[in-house]
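The structure appears right after this line, and notes come after that.
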Amino acid sequence: MDKKYENMSVVLEGVSKTYDDEVALKTVDLELEKGKFYTLLGPSGCGKTTILNIIAGFVEPSSGNVYINGENVNDLPANKRKVNTVFQNYSLFPHMNVYDNIAFGLNIKKVDKKTIDVEVKKALKMVNLEGFEKRKISQMSGGQRQRVAIARAIVNRPDVLLLDEPLSALDLKLRKSMQVLLSNLQWELGITFIFVTHDQEEALALSDEIFVMDKGEIVQSGSPVDIYDEPINRYVAEFIGESNILEAVMVDDYKVKFSNKVFDCEDAGIPSGERVEVVIRPEDITVASPENSDINMRVDNVLFRGVFNELICYDDDNFRWKIHTTRRFYEDQVIGIDIDPSDIHVMRFNESEDDFDKRIEKYAIGDDDE
Ligand code: ADP
Ligand code: MG
């Protein structure tokens with residue numbers, strides 16, 4: 001056993017995948033701890049399913065090593081890995097009832113009938129489907145089918161559960177309740193979940209750690225708060241949540257210029273004069289009176305979004321601002337804005353995640369020990 005990964009759940013070391021001459025995955029390195037909820041987030045075709053399939057053993061990587069529980073599993077077939085997958089399309093046996101679908105894996109392993117019965121009932125309870133044993137799959141709704149598929153996976157007591165866009169086929173309301181179920185389930189089972197989605201809200205709501213992917217690569221990893229607050233580049237900023245992204249110039253450490261004004265910020269370690277981009281989240285902007293504001297703008301549109309109003313505004317440069325506020329404003333009203341330095345997030349062009357981490361760490365915001 002490789003000592004350095006002994007306590008890790010899943011490790012990918014320099015894993016890549018090429019089909020003919022199409023690169024599905026560039027070099028991916030991942031170290032996943034036991035018992036956490038991880039999410040791979042990215043648009044269709046970025047390589048999410050390929051990563052899951054490599055961990056499950058359905059796809060052989062073109063290069064690299066895969067470790068599960070510290071053991072190199074490169075040569076271990078899928079059915080010997082303590083990993084189960086839940087697919088978007090459920091992949092249930094339509095001609096079997098709920099009980100037989102869930103018991104299938106244990107039957108193959110020749111587990112005795114009594115144990116199977118106990119385990120199937122336990123799994124059904126965990127997905128809130130007690131009493132549905134005899135029900136045919138064809139008589140069940142999408143949400144119920146997905147719960148059967150989850151029960152069928154967890155009945156095998158895997159160490160790692162892979163979930164490939166399991167909620168994408170469900171309507172919004174059902175998806176929300178399934179998110180709660182998954183979150184509780186992961187907590188109860190205490191095993192590693194690797195969840196795949198292209199839905200940023202889902203990723204933010206569920207994950208301990210998110211891996212944002214783009215074109216076969218992990219471009220940023222971190223907690224939902226980290227990724228939301230400090231996106232490494234425009235791609236991540238636009239993919240996660242809503243944002244105002246402005247062209248800017250670094251004037252000095254902690255000083256950045258955009259909209260013809262110099263603002264205080266919390267970023268340092270970037271050469272003066274470097275062109276950067278600045279991200280400001282719509283909910284981080286406070287509307288102020290135009291008299292004592294650095295930037296004035298005209299409200300073009302007000303959209304009622306339930307708990308807040310969304311203002312679409314244009315400043316003198318004709319830049320389109322998005323602002324979320326609980327207060328009321330009117331079309332054509334001229335307003336000012338107030339932005340806290342900690343809400344101005346500077347992004348460098350083509351900064352690697354390593355360099356980004358070092359910079360953020362070095363100039364960590366809110367260091368209490370000074
Ligand atoms: P995602 O799950 O993020 O939508 P995938 O991992 O399924 O993405 O696919 C990543 C890339 O690899 C895509 O460009 C896809 O076309 C390609 N790909 C996946 N599987 C195969 C295959 N069996 N043969 C050829 N290309 C594939
Ligand atoms: Mg996929």
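Ligands are counted one by one from 1 in listed order, and the atoms in each one are counted from 1 as well.
- Contact annotation: for K17 versus ligand 1, there are no heavy atoms closer than 4.0 Å.
- Between F239 and Y235, the angle of the ring planes stays under 30°, which puts this pair in the parallel group of the 30/60° scheme.
- Under a 4.0 Å heavy-atom criterion, G42 is not in contact with ligand 1.
- Looking from atom 8 (O) of ligand 1 to the surrounding protein, the closest heavy atom is G47 N, 3.2 Å.
- By the 4.0 Å N-to-carboxylate-O rule, E283 lies too far from K322 to be salt-bridged with it.
- Remark: minimum distance from atom 19 (C) of ligand 1 to any protein heavy atom is reached at Y19 CE1, 3.6 Å.
- Residue T50: no N/O/S atom is found under 2.8 Å from the Mg ion (ligand 2).
- For atom 1 (P) of ligand 1, the nearest non-hydrogen atom of the protein is G45 N, 3.4 Å.
- Under a 3.5 Å cut-off, the side chain of Q333 and the backbone N or O of Y330 do form a donor-acceptor pair.
- Residue A24 has no N or O atom closer than 3.5 Å to an N or O atom of ligand 1.
- Both M140 and L174 belong to a common hydrophobic cluster when Ile, Leu, Val, Met, Phe, Trp and Tyr are linked at side-chain heavy-atom distances under 4.5 angstrom.
- Neither side chain, N309 nor T325, offers a donor N or O lying under 3.5 Å from an acceptor on the other.
- With hydrogens left out, the protein atom closest to atom 16 (O) of ligand 1 is E22 OE2, 3.8 Å, a heavy atom.
- What sits closest to atom 6 (O) of ligand 1 on the protein, heavy atoms only, is T50 OG1, 2.5 Å.
- Cluster annotation: V73 is connected to V83 through the hydrophobic network of ILVMFWY side chains, with a link wherever side-chain heavy atoms come within less than 4.5 Å.
- For atom 2 (O) of ligand 1, the choice among V196, L41, T49, D20 with the nearest heavy atom turns out to be T49.
- Scanning all heavy atoms of the two residues, the minimum distance from I232 to M347 falls at O-CB, 3.8 Å.
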